[in-house]
Amino acid sequence: KAGVTQTPRYLIKTRGQQVTLSCSPISGHRSVSWYQQTPGQGLQFLFEYFSETQRNKGNFPGRFSGRQFSNSRSEMNVSTLELGDSALYLCASSPGSNSGNTIYFGEGSWLTVV
Amino acid sequence: AQSVTQLGSHVSVSEGALVLLRCNYSSSVPPYLFWYVQYPNQGLQLLLKYTSAATLVKGINGFEAEFKKSETSFHLTKPSAHMSDAAEYFCAVQKKNTGNQFYFGTGTSLTVIP
C-alpha cells in the first residue's frame, strides 16, 4: 500500500506570493492533517480535515487555509508569504478522526521563502 | 492546553549502551501518548503508542516506553543502542475526543557513538 504522498517536495517562493501544497493520503484513509515544522517552533498543528470538513484548526493566521476533496486528497494554501513561513510542511493521514488513531506522515514539502 | 516536555534536546550514547529519552506531559486526564522518530529529510515514523491498555508498550526496532500516571511520564528506552538509531525523536500527546490533533514535544536528537 502506498504511503502518504506530498508534492512538491521542494519549492522556493518570494515574499508576498502564495503557495499550494498537495497531499494524497494512504488509500482508505479519510482524515488528513497538516503540520508545520520549523527549528524554532518545532512541530505545530495546522488543521485536520475529515470527509471534506475541517475538524480541527491550530493557532495560525487566516493566510493558512486548506481543503479536502471527495477522494480524501488535501491541499493547503498559504497566501501572502512571509519569510517566517519557511518550513517543512508535513501531511499525515489516518483511517478515521477518532482520538487514539495513529497518524501516518508523508515526507513533507520543504518551503523556502526568499 | 496540552503540553509535552522532552528533557534534553541532545542525547549521546555509546553503541550498545542504554537509550533513555524522557517525556513528560501535563494533563489532568491521561491522554493518548506516542513516540515518533524522524530520520534526516524524512517524515515522522511511529515507534509506539499508548492508548490506555498495558502501561508498558513495546514498539518497533526494540524500543519500549512505560506510561507512569503518577509521574505523568512516558519515557522511551532501548536496552542497546545501534548506529542506525541516530535520529530525532518526538514525544506527542493526543487529547481524547479531539480527533487527530497532536501536540508534539520539541524533540530529542540522539547521537550514537561508535
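Per chain, numbering begins at 1; letters A, B, ... match sequence-line order. Worth knowing before you read on, the calculation uses all heavy atoms, side chains too, and leaves out hydrogens, waters and symmetry mates.
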For Y103(B) and Q101(B), test the side chains for any donor-to-acceptor distance below 3.5 angstrom and give the result as yes or no.
yes
Next on the checklist: Side chains of R73(A) and S22(A) only: does a donor on one sit below 3.5 Å from an acceptor on the other?
Outcome noted: yes
Applying a strict 4.5 Å limit to non-hydrogen atoms, the region of Q6(A) in contact with chain B is neither
The interface call for I103(A) against chain B, heavy-atom contacts under 4.5 Å, is both
Residue from G42(A), S94(A), S33(A) scoring the most non-hydrogen pairs under 4.5 Å with chain B is S94(A)
Ranked by heavy-atom pairs below 4.5 Å to chain B, first place among N101(A), L88(A), V4(A) goes to N101(A)
message: Ring of F34(B), cation from K49(B) - is the NZ or CZ under 6.0 Å from the centre and inside 45° of the axis?
response: no
Of L33(B), T106(B), L46(B), the largest count of non-hydrogen pairs under 4.5 angstrom with chain A goes to L46(B)
Closest non-hydrogen atoms of Y35(A) and L46(A), given as atom of the first, atom of the second and distance, are C-CD1, 3.8 Å
For the backbone of V19(A) and the side chain of N77(A), can you confirm whether one donor and one acceptor N or O come within less than 3.5 Å of each other?
yes
So, the part of Y50(B) with a heavy atom under 4.5 Å from chain A: the answer is neither
Okay, Q38(B) and chain A: the region with an atom under 4.5 Å from a heavy atom over there is side chain
Checklist entry - Are Y25(B) and Y32(B) near enough that their ring centres are under 6.0 Å apart? => result no
